[in-house]
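Both counts, for ligands and for their atoms, begin at 1 and track the order of listing.
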Amino acid sequence: MPERDVNKIDIRNLTQEMLTEQLVALGEKKFRAKQVWDWINKGVQSFDAMKNLPKGLAELLKAHYYLDNATIIEQLESEDGTIKSLHKLFDNNVIESVFMTYKHGYSACISTQVGCRMKCVFCASTLNGMVRNLTAGEMLGQLFEMQNMTGKRIDHVVLMGSGEPLDNYDEVILFLKMACSEKGLNLSGRNITLSTCGIAPQIYKLADEKLQITLAISLHNPFDEERTQIMPINNKHSISALMAAVDYYIMSTNRRVTFEYALIEGENDSDKHAEALGTKLKGKLVHVNLIPINAVKEKQMRPSQNSRINRFKMILMDKYNVNTTVRRELGSDINAACGQLRNQHIKTNVFLE
Ligand code: SAH
């Protein structure tokens with residue numbers, strides 16, 4: 001790891017208020033802090049690129065702060081315009097992001113941790129365990145890099161890259177607040193989705209933050225014994241504990257919650273599963289997103305057949321009146337399953353060493 005000055009911090013990790021306070025304490029005028037903040041939010045990659053600052057201020061910034069870029073080092077572009085990027089962090093760790101084009105604009109899927117410790121059996125992000133949490137600045141950095149690369153303004157963000165956002169609670173909340181700040185990226189909370197494997201106590205906390213974000217729950221199975229087999233978090237927080245937390249979230253925020261359900265052939269795609277899921281969700285302010293599972297090289301799992309997916313959807317919609325969609329597959333030709341590009345990179349590099 002490159003040597004770091006412990007007295008310096010990443011300037012992207014400061015809110016505008018914190019930055020102003022610190023620069024004023026260092027003898028600068030408030031309007032200079034505003035200029036610096038604006039540059040950061042334009043996504044500049046160095047202090048020297050902050051063009052209208054006096055030389056002394058650029059030097060002062062360099063003496064007190066880092067500007068840590070989430071530098072893109074590798075990219076895969078799909079025929080449908082989806083771009084998967086590998087970002088290198090200051091300490092040489094790598095993370096993934098995905099840039100997607102939709103009717104309504106541009107959307108980014110970002111990572112919240114280097115790796116993940118949740119051990120969901122179908123997920124590639126967890127294969128090498130969790131290395132460390134990302135900072136709020138590193139989450140913003142992924143967005144800046146994608147915007148710089150494409151020249152497009154991202155207006156939708158999903159926290160569905162590697163990592164469990166609620167396992168990195170404080171930095172994720174700081175990120176959400178900064179990303180939605182009017183003077184920052186000015187994203188609408190409604191256009192941000194936080195996806196969790198189901199850390200129930202943190203869902204209550206999140207509800208109390210009163211952010212207008214969308215909560216997505218990775219459920220994938222309506223039966224406790226079976227869900228525990230594929231998602232170990234279920235051992236700690238059962239489906240009923242999770243559902244109680246979701247009810248609280250809906251009650252406090254009045255926001256519709258999304259349930260993600262990755263269909264794995266012969267595992268969780270039977271009528272019995274659809275019926276049990278429908279029974280649990282009936283009458284609630286929820287939406288189900290069915291996802292044919294992405295085959296991960298290291299795991300023995302296949303996506304369900306289309307006829308099965310359609311029947312599953314029909315049961316939920318017609319019998320239980322639960323709003324259900326099948327996720328449009330973007331980037332399937334570039335292997336967009338979580339964590340796959342990073343794993344490839346790690347393997348290749350280990351091999352090269
Ligand atoms: N830790 C969070 C967010 C990251 S994963 C969570 O669990 O929600 C984002 C979504 O991708 C989750 O719903 C996850 O279950 C799903 N996922 C992981 N691996 C997958 C695969 N191979 N195919 C389809 N979906 C997958």
Quiz item: Does the separation of the ring centres of Tyr261 and Phe312 fall below 6.0 angstrom?
Solution: yes
Exercise. Could you list which atoms of ligand 1 come closer than 4.0 Å to a heavy atom of His220?
Key: 13 (O), 14 (C), 15 (O)
Quiz item: Would the number of heavy atoms belonging to other residues, nucleotides or ligands and lying under 6.0 Å from CZ of Arg302 be above 12?
Solution: no
Quiz item: Should Arg132 and Asp91 count as an ion pair when the cut-off is N to O under 4.0 Å?
Solution: yes
Quiz item: Could an N or O of ligand 1 be found under 3.5 Å from any N or O of Phe122, whether backbone or side chain?
Solution: yes
Practice problem: Give the atoms of ligand 1, by number and element, whose distance to some non-hydrogen atom of Gly163 is under 4.0 Å. | Solution: 1 (N), 2 (C), 3 (C), 4 (C)
Quiz item: For ligand 1, which atoms have a heavy atom of Met160 less than 4.0 angstrom away?
Solution: 4 (C), 5 (S), 9 (C)
Exercise. Fit a plane to each ring of His273 and Phe223, take the angle between them on a 0 to 90° scale, and name the class: parallel (under 30°), tilted (30 to 60°) or perpendicular (over 60°).
Key: perpendicular
Exercise. Number the atoms of ligand 1 from 1 as they appear, then name those within less than 4.0 Å of a heavy atom of Cys197, with their elements.
Key: 6 (C), 7 (O), 8 (O)
Quiz item: With a 4.0 Å cut-off, would you call Arg12 and Asp68 a salt bridge?
Solution: no
Quiz item: Does Gly161 come within less than 4.0 angstrom of ligand 1, counting non-hydrogen atoms of the residue?
Solution: yes
Practice problem: State whether the number of non-hydrogen atoms from other residues, nucleotides or ligands found under 6.0 Å of Lys62 atom NZ is greater than 12. | Solution: yes
Quiz item: Numbering the atoms of ligand 1 from 1, which are under 4.0 Å from a heavy atom of Cys123?
Solution: 18 (C), 19 (N)
Exercise. Run the contact test for Gly198 against ligand 1 with a 4.0 Å cut-off on heavy atoms, strictly below, and give the result.
Key: no
Quiz item: Which bit of Ile217 gets closer than 4.0 Å to ligand 1, counting heavy atoms only: side chain, backbone, both or neither?
Solution: neither
Quiz item: Which atoms of ligand 1 are found less than 4.0 Å from any heavy atom of Ile293?
Solution: 21 (C), 22 (N), 23 (N), 24 (C)
Quiz item: What is the ring orientation for Tyr106 with Phe99, classed by angle as parallel under 30°, tilted 30 to 60°, or perpendicular over 60°?
Solution: parallel
